[in-house]
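The figures that follow rest on heavy atoms only: side chains count, while hydrogens, waters and symmetry mates do not.
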Amino acid sequence: MDVLSGVGAAAGAESGPASSAHTEEGVEQKLCPADLRPAPVLALVIPCFNEASVLPRTAPLFLAALSELAAHGAVDPASYLMVVDDGSTDDTWAVVRALATADRRVRGVRLSRNRGQQNALAAGLDEVRGHCDAVITLDADGQDDPSVLPEMVARYRAGYDVVFGVRSRRDCDGAVKRLTARAFYRLLGLLDAEVVPDHADFRLMAAPVLEALADFTEVNLYLRGLVPLVGFKSCEVAYERAPRAAGWSRYSVGRMLGLALDGVTSLSIRPIRLITVLGLIIALGSVAGIVWAIVTVATGHAVSGWASMICAIFFLGGVQLVSLGVIGEYVGKTYLEAKARPRYIVAERVGNQLRADRAAR
């Protein structure tokens, strides 16, 4: 889809299964070109961690996408790229500096140490807030399809404040990753956490959404859950997740589990409530066991044995340890929030235009 056809599709009607989940049923609002928002100053925010091998390949694709959008009048020519180096240990920052030197549309910030993808995204959003009309966050590895950007911008100009990029296919991911991702989204749904299934961090947000997100000062960030929580008019755009342009993913199993745990504990307290329900069930079961024991003793049918006792001890001990672990996770998160430490520290910035913008704040 080119830029003009994308704008026309969004301007013609709000239709299709992708957007129906976030709009009122039966409402069809026809938009004429005069109803479109002006072409926005668009910022592409890209977090990077040890992406020196892939960034030289994908950054030109992102810049080319901006150029095409600007050439068709879909975005303002002042649109730019914001690259966040999340404390990389390779030559990622040198690549960012070279890109900024070669193209004034490239801006960058380097964090003092690795703070994780969610905090790197927050750093990028804080940097561009107040200096753009809309922002699109996407990965540096090229798996978030740049060809979807025109449709996202078209939806924004048609009146949407949030456009979620939803994976229609994940053939490039392994079977285990697909299975665990599906299980994770189902778990969040069972815990009443408001998330968009098969959506990672590929999304467009309008400037008012960025301002609303700035009011969320929590240290344990999970933007995939916060953005739907903020509200605003939203829709979905489907895309096929592509293989990495180069290198390999730095998102280890440990990092994925940590992100999943942050997602559960930052969006829902239902696990603690489930512990209460489980305790009540076990308490009721123990009352029944006591009654049964009294009856067997009174009738003279009591049989001594250790198997049932050992099973009960192991079961109750396991339940108690798991319960303490869940409660401890919430207590630990509360402890970190109470410290109110900064999410990140910026060590260096690059980009002449960025420095001029910050001086004018």
Side-chain angles (χ1 to χ4, degrees), residues 1 6-7 9-10 13-25 27 37 40 42-47 62 65 69 74-75 117-118 120-122 124-125 128 132-170 173 178 181-182 184-189 192-213 216 221-242 259-260 262-263 266-267:
M1 175 186 295
V7 174
E14 297 176 5
S15 61
S19 61
S20 60
H22 295 272
T23 56
E24 295 183 0
E25 294 183 4
V27 177
R37 286 171 168 170
L42 179 66
L44 301 183
V45 173
I46 303 171
F62 302 144
L69 287 166
V75 301
Q117 183 196 35
Q118 298 298 293
L121 280 172
L125 296 179
V128 304
C132 66
D133 301 309
V135 59
I136 295 179
T137 58
L138 68 169
D139 291 339
D141 54 18
Q143 291 191 286
D144 296 333
D145 189 1
S147 67
V148 182
L149 299 185
E151 186 174 357
M152 285 184 157
V153 173
R155 297 295 182 92
Y156 162 81
R157 298 192 66 190
Y160 290 98
D161 295 304
V162 181
V163 183
F164 296 103
V166 177
R167 300 158 177 162
S168 60
R169 297 179 61 182
R170 305 182 58 151
D173 294 334
R178 293 198 300 269
R182 192 176 299 113
F184 172 61
Y185 286 118
R186 288 182 179 178
L187 174 62
L188 287 179
D192 287 340
E194 188 177 355
V195 294
V196 179
D198 290 320
H199 165 69
D201 291 297
F202 187 26
R203 70 180 74 89
L204 179 146
M205 293 176 287
V209 181
L210 295 183
E211 296 296 333
L213 279 176
F216 289 78
L221 272 183
Y222 188 69
L223 290 172
R224 302 178 191 183
L226 285 184
V227 175
L229 185 65
V230 169
F232 291 90
K233 187 177 181 181
S234 63
C235 66
E236 299 174 5
V237 170
Y239 73 100
E240 292 187 14
R241 190 164 173 81
L259 180 63
D262 284 342
S266 65
L267 298 177

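A salt bridge (charged side-chain N to carboxylate O under 4.0 Å, His left out) with Asp161 is found for exactly one of Arg155, Arg37, Lys233, namely Arg37. With Phe202 as the fixed residue, the side chain to side chain contact (heavy atoms under 4.5 Å, CB included) test singles out one of Ile136, Val237, Val166: Ile136.
The two atoms that bring Cys132 and Leu210 nearest to each other are SG-CD1, 4.2 Å, heavy atoms only. Closest of all the heavy-atom pairs between Pro146 and Pro150 is O-CD, 3.9 Å. The minimum heavy-atom distance between Gly165 and Tyr239, with the atom names listed, is C-CE2, 3.5 Å. Taking both residues in full, the closest heavy atoms of Val45 and Pro47 are given as O-CD, 3.8 Å, listed atom of the first, atom of the second, then distance. Considering all non-hydrogen atoms of both residues, Gly231 and Val162 come closest at O-CG2, 4.2 Å.
Counting only distance, with no hydrogens or angles, the side chain of Asp139 and the backbone of Asp141 share no donor-acceptor pair below 3.5 Å.
In this structure, CZ on Arg203 lies 7.0 Å from CG on Leu121, to the nearest 0.5 angstrom.
Remark: Asp133 pairs with Pro40, Val41, Tyr156 by the side-chain contact (heavy atoms from CB on, under 4.5 Å) rule, at least two apart or across chains.
Residues Tyr160 and Leu204 are not in side-chain contact: their nearest non-hydrogen atoms beyond the backbone lie 4.5 Å or more apart. Taking 4.5 Å as the limit, every side-chain heavy atom of Met205 sits out of range of all side-chain heavy atoms of Phe232.
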